[in-house]
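Okay, structure first, notes after.
When reading the values below, keep in mind they use all heavy atoms of this one structure, side chains included, and skip hydrogens, waters and symmetry mates.
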Amino acid sequence: ALPILAKLGTSAEGAHLRARMQSASLLSDMESFKAANPGCCLEDFVRWYSPRDYVEEEVVDDQGNTIIKGELSTRMKIPSNMWVEAWETAKPVPARRQRRLFDDTREAEKVLHYLAVQKPADLTRHLMPCIIHAAVIKIKEEEMREDISFVQKIIIQIISHASKVLRYTNPEDKKLEEIISQIMSLEATIATARSLKAKFALDACEDIKEIGRA
């Protein structure tokens with residue numbers, strides 16, 4: 001949940017939405033706490049839920065005994081803060097009877113709807129990291145058969161470049177085109193090497209050398 005809250009940003013709208021999400025979660029926890037601990041107060045909840053907001057100190061009572069006394073932190077004492085309002089609103093409701101904060105069925109339907117309305121170009125863009133990964137693996141497999149040293153170096157460069165570009169959600173078209181162009185160039189190089197090898201019968205020469213050594 002924390003990464004999601006962080007992604008909301010620092011704008012006024014983001015801060016408001018973040019507060020609402022935190023408030024809903026806080027209210028749910030308070031209702032569960034009240035249900036499990038009848039007669040409890042806000043101090044009890046804060047001591048369990050946010051210990052740093054419950055300040056304890058040793059004091060001496062009228063009889064000379066040292067006891068530990070606790071109270072809410074300064075921020076918890078601010079009038080009408082979110083915690084106080086949520087506590088006053090919360091009812092003792094066990095977690096199993098509460099409305100779910102995260103509706104997995106509804107969220108799954110949103111995902112399916114999002115995929116259903118995607119245009120072919122958008123879908124291709126989403127699949128681009130997988131497509132490039134598969135292309136690089138295929139190029140590497142083909143290169144191993146031909147054993148071209150400078151191609152190996154270029155493959156390493158492509159992998160490094162692709163890792164940086166595809167790290168972002170919406171990479172630039174120009175950078176994607178550069179990666180695809182490099183892969184196409186390697187395909188042509190490997191195909192040319194294979195063609196020349198076949199035309200000059202280099203494989204046959206190697207076989208003859210091996211027979212002669214035997």
Side-chain angles (χ1 to χ4, degrees), residues 1-118 122 125-130 133 159-172:
L2 291 178
I4 295 175
L5 294 175
K7 288 181 180 179
L8 294 176
T10 57
S11 64
E13 184 180 354
H16 179 67
L17 181 56
R18 181 164 50 248
R20 286 186 58 188
M21 291 176 66
Q22 290 175 322
S23 179
S25 178
L26 180 63
L27 179 62
S28 174
D29 291 335
M30 284 181 171
E31 290 185 336
S32 298
F33 188 84
K34 279 188 174 183
N37 303 277
C40 61
C41 60
L42 178 59
E43 286 79 357
D44 297 325
F45 176 76
V46 171
R47 183 170 56 183
W48 168 74
Y49 195 85
S50 181
R52 67 188 181 90
D53 284 308
Y54 188 79
V55 182
E56 293 183 336
E57 60 178 347
E58 292 184 353
V59 296
V60 179
D61 61 10
D62 298 335
Q63 299 177 356
N65 298 319
T66 301
I67 60 173
I68 296 177
K69 183 180 180 181
E71 62 178 359
L72 296 177
S73 64
T74 304
R75 74 167 185 149
M76 286 296 174
K77 293 180 180 179
I78 298 175
S80 301
N81 69 67
M82 182 178 71
W83 288 67
V84 173
E85 291 180 351
W87 182 260
E88 293 174 351
T89 305
K91 298 177 181 179
V93 182
R96 66 179 183 277
R97 293 176 54 191
Q98 293 180 20
R99 182 179 179 180
R100 290 185 296 176
L101 293 176
F102 179 77
D103 190 338
D104 54 309
T105 302
R106 184 179 179 184
E107 295 303 318
E109 289 175 350
K110 288 182 182 179
V111 172
L112 293 175
H113 174 72
Y114 174 78
L115 293 174
V117 299
Q118 287 290 293
D122 295 330
R125 193 173 186 83
H126 285 308
L127 293 174
M128 190 59 69
C130 299
H133 181 258
I159 293 173
S160 177
H161 186 200
S163 298
K164 295 177 182 177
V165 172
L166 299 175
R167 184 180 302 166
Y168 302 98
T169 307
N170 294 309
E172 296 179 16

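- Remark: the backbone N or O of V93 is paired with a side-chain donor or acceptor of Q98 at under 3.5 angstrom.
- To the nearest 0.5 angstrom, D29 atom CG is 12.0 Å from S50 atom OG.
- Going from atom CD of E43 over to atom CG of L72 covers 4.0 Å, rounded to the nearest 0.5 Å.
- We find the CZ-OG distance between R97 and S32 to be 11.5 Å, quoted to the nearest 0.5 Å.
- More than 12 heavy atoms of other residues, nucleotides or ligands lie within 6.0 Å of CD1 in I67, so this atom counts as buried by the packing criterion.
- Between F33 atom CZ and Y49 atom OH the span is 12.0 Å, to the nearest 0.5 Å.
- When the shell of 6.0 Å around NE2 of H126 is examined, it contains more than 12 heavy atoms from other residues, nucleotides or ligands.
- Other residues, nucleotides and ligands contribute over 12 non-hydrogen atoms within 6.0 Å of the CZ atom of R100.
- Atoms CG and CD, on L27 and E85 in that order, are 11.5 Å from each other to the nearest 0.5 Å.
- Judged purely by atom type and a 3.5 angstrom limit, N37 has no side-chain atom pairing as donor or acceptor with the backbone of C40.
- The side-chain heavy atoms of D44 and R47, taken from C-beta on, include a pair separated by under 4.5 Å.
- For the pair Q118 and Y114, the tightest heavy-atom approach, listed with the atom from each and the gap, is CG-O, 3.1 Å.
- The backbone N or O of I159 lies less than 3.5 Å from a partner atom in the side chain of S163, making a donor-acceptor pair.
- Put simply, the side chain of M30 does not reach to within 4.5 Å of the side chain of K34, judged on heavy atoms.
- A pairwise comparison of heavy atoms in P171 and L166 identifies CG-CD2, 4.4 Å as the closest pair.
- Between the side chain of D53 and the main chain of S73, no donor-acceptor pair closer than 3.5 Å is present.
- Few gaps surround CZ on R75; more than 12 heavy atoms of other groups in view lie less than 6.0 Å from it.
- F45 and W87 have tilted rings, their planes meeting at an angle from 30° to 60° on a 0 to 90° scale.
- Residues E107 and V111 form no side-chain contact, since every pair of their non-hydrogen atoms from C-beta on lies 4.5 Å or further apart.
- A salt bridge between D122 and R125 is absent, with no side-chain N of the basic residue lying under 4.0 Å from a carboxylate O of the acidic one.
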